[in-house]
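Small disclaimer: the values here were computed from a predicted structure and weren't measured. Nothing fancy with the numbering, it's 1 onward along the sequence.
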Amino acid sequence: QGNYSVARVFPNSGGYKDVEAKFGDNVIYSMPNGSTFNMTFNFNRIAYSATSKKTDAEKDSTHKAIMNKNFRLAIEFAINKPEYRAQSVGKTGAEKGIRNMLTPSEFVTVDGKAYGAVVEEKLKALDKETFGKVKLEDGQNGWYDADKAKELIEKAKSELQGQGVQFPIHLDLPQSETSEVNVNQAKSLKHSIETALGSDNVVIDIQLLNDDAYYAATYQATTAADADYDISTASGWGPDYQDPSTYLDIYNSRTGAQLQNLGLEPSEIAKDNPSAEIVKELNLAEYDALLDKAAAITSQEDINKRYEAYAEAEAWLTANAL
């Protein structure tokens, strides 16, 4: 009726095709904001209220698999992000909001270069064979590669079977049963991972929970020990200031604000830290050292050096697929 200049429309709603037909080019997509939502692994799972696992051997096999970097990378390359995002924004908008690393690729610049481009260079320098085709710029399907995923799961399998790991690996993924979009996203995640890796290697067990149980197991878990999942898509992070540290510090093993989402406790907060051995095995001290190196560069004249140092830390974080 001409009362409003803008109205939000949803690509998955029943009347969207009529809106698209009537308004055509006037349907636009808003810019993505600074928040990054991600899937995290639980490296030290204690709680098993929501699980399909029946034996301690299955629990042990899953833990050992999650601790294996090639296994984690196989999962990363197997996630079809546009398929996942299409559940909420439709196929047309599916790639627009994709983020391929923790920090937005255009968040800052380094000597005129996008921050993400610098991280990508450093990532490929770490391991060109694995990351040679990865694209970190926002708004594209920068990781999905079923062939690479298969290659990595075979590497992981050969490493893990020597440790007595039983396949397939079962990964519990909790989801709110009341959210149709989130349930469909979980199904999409299950489909793309099991299709790429084979359900004889990896099975995603979706745990449908009421809202109270879901939040208690994931986002609102009060300690790392309360985190009741193998993988979770419940966490996200938005920036507080214009510096890469606002993202990267959340996984600092000493003080990280979202370390508990990895099933770990910050060492400077937890007494008799129950996750100390896991942190050591993951070599998070190396990540901490890279953060310290970047944080020590405080002169405005050296701002490019600071951002480049943070790009090095982000490349480490990205390569380790936490």
For residues L197 and F71, determine if any side-chain heavy atom of one lies less than 4.5 Å from a side-chain heavy atom of the other. no
Quick check against the 3.5 Å criterion: does R99 have a side-chain atom that pairs as donor or acceptor with the backbone of S35? yes
Shared ILVMFWY cluster between I250 and V279, side chains joined below 4.5 angstrom? yes
Mind checking whether D228 and R45 have side chains closer than 4.5 Å, heavy atoms only? yes
First locate atom OG1 of T246, then atom CG of D240, and finally report the distance between them rounded to the nearest 0.5 Å. 4.5 Å
Side-chain contact, heavy-atom cut-off 4.5 Å: F167 with D200? no
Does atom CD (Q242) have a neighbourhood of more than 12 heavy atoms from anything else shown, all under 6.0 Å? yes
What's the spacing between L264 CG and S253 OG if we round to 0.5 Å? 8.5 Å
Any idea how F107 and Y247 line up, ring-wise: parallel (<30°), tilted (30 to 60°), or perpendicular (>60°)? perpendicular
Passing option when N68 is tested against H63, Q163, E159 for side-chain hydrogen bond (donor to acceptor under 3.5 Å, both in side chains): E159
Checking the side chain of K81 only, and the main-chain atoms of E95 only, is there a donor and an acceptor separated by less than 3.5 Å? no
Test your reading of the model: is there a side-chain donor-acceptor pair from T36 to the backbone of L102, 3.5 Å cut-off? yes
Could you tell me the separation between the CG atom of D230 and the OG1 atom of T51, rounded to the nearest 0.5 Å? 6.5 Å
Pairs where residues 302-314 contributes a residue and the test side chain to side chain donor-acceptor pair (under 3.5 Å) is met, not counting sequence neighbours: T103-E314, D111-N304, Y115-E314, K122-E308, D243-R306, K293-E312
Any donor-acceptor N or O pair under 3.5 Å, side chains N201, K157: yes
Taking the basic N atoms (NZ, or NE/NH1/NH2) and the acidic carboxylate oxygens, is any pair closer than 4.0 Å for E120 and K124? yes
Does the side chain of T218 reach to within under 4.5 Å of the side chain of S235, using non-hydrogen atoms? no
State yes or no: do Y229 and F41 share one hydrophobic cluster built from I, L, V, M, F, W and Y residues joined by side-chain heavy-atom distances below 4.5 Å, directly or via other members? no
Indicate if I297 and V119 have the same hydrophobic cluster label, given that clusters are the connected sets of ILVMFWY residues with side-chain heavy-atom separations under 4.5 angstrom. no
Residue pair L189 / M39, side-chain heavy-atom distance below 4.5 Å: yes
So, D288 and R254, do they make that salt bridge, N to O below 4.0 Å? yes
Without placing hydrogens or testing angles, list every side-chain donor-acceptor pair under 3.5 Å for residues 209-216, not counting sequence neighbours.
| residue | atom | partner | partner atom | Å |
| --- | --- | --- | --- | --- |
| N210 | OD1 | D212 | N | 3.2 |
| N210 | OD1 | A213 | N | 2.8 |
| D211 | OD1 | S176 | OG | 2.5 |
| D211 | OD1 | T178 | OG1 | 2.9 |
| D211 | OD2 | T178 | OG1 | 3.3 |

Kindly check if the number of other-residue, nucleotide or ligand heavy atoms within 6.0 Å of CD (E180) is above 12? no
Would you say that more than 12 heavy atoms from the other residues, nucleotides or ligands in this model lie under 6.0 Å from the OH of Y4, or not? no
I'd like to check M101 versus L123 (side-chain heavy atoms, cut-off strictly below 4.5 Å). Are they in contact? no
Flag if over 12 foreign heavy atoms under 6.0 Å of CG, D25: no
About how many Å separate CG of N80 and OG1 of T195, when rounded to the nearest 0.5 Å? 9.5 Å
Tell me yes or no: between the side chains of E265 and Q260, is some donor less than 3.5 Å from an acceptor? yes
With heavy-atom distances below 4.5 Å as the criterion, would you say the side chains of W143 and L136 are in contact? yes
Within 45° cone of Y48 ring axis and under 6.0 Å: K59 NZ or CZ: yes
Between S188 and E83, does a side-chain hydrogen bond (donor to acceptor under 3.5 Å, both in side chains) hold up when you go through it step by step? CA-CA 7 Å; S188 166; E83 182 184 282; 3.1 Å; yes
Quick one: do N12 and S88 satisfy side-chain hydrogen bond (donor to acceptor under 3.5 Å, both in side chains)? Show the steps, please. CA-CA 7 Å; N12 286 349; S88 60; over 6 Å; no
When you look at OH of Y219, are more than 12 heavy atoms from neighbouring residues, nucleotides or ligands closer to it than 6.0 Å? no
Criterion side chain to side chain contact (heavy atoms under 4.5 Å, CB included) on I169 and I66, from CA distance to verdict: CA-CA 9 Å; I169 300 300; I66 286 174; over 6 Å; no
Min side-chain heavy-atom separation F23-V9 under 4.5 Å: no
Under-4.0 Å salt bridge between D138 and K96: no
When clusters are formed by joining ILVMFWY residues with side-chain heavy atoms under 4.5 Å apart, either directly or through shared neighbours, do F43 and L284 land in the same one? yes
If only atom types and distance count, is the side chain of R85 paired as donor or acceptor with the main-chain N or O of Q87 below 3.5 Å? no
Please say whether more than 12 non-hydrogen atoms of neighbouring residues, nucleotides or ligands are located less than 6.0 Å from NZ in K190. yes
Could you give me the CA-CA distance, side-chain angles and deciding distance for I278 and M67, then say whether side chain to side chain contact (heavy atoms under 4.5 Å, CB included) is met? CA-CA 8 Å; I278 305 291; M67 291 299 294; 3.9 Å; yes
Same cluster for I79 and I153 if Ile/Leu/Val/Met/Phe/Trp/Tyr side chains link at under 4.5 Å? yes
Rounded to the nearest 0.5 Å, what separation is found between the OH atom of Y144 and the CD1 atom of I98? 12.5 Å
Count the heavy atoms belonging to other residues, nucleotides or ligands that lie under 6.0 Å from NZ of K113, then report whether that count exceeds 12. no
E177 side, atom CD; N182 side, atom CG - distance, nearest 0.5 Å: 12.5 Å
Step-by-step side chain to side chain contact (heavy atoms under 4.5 Å, CB included) determination, I193 to I75: CA-CA 7 Å; I193 290 172; I75 297 288; 3.9 Å; yes
Stepwise side chain to side chain contact (heavy atoms under 4.5 Å, CB included) check, K133 with K148: CA-CA 10 Å; K133 294 182 180 179; K148 179 62 70 175; over 6 Å; no
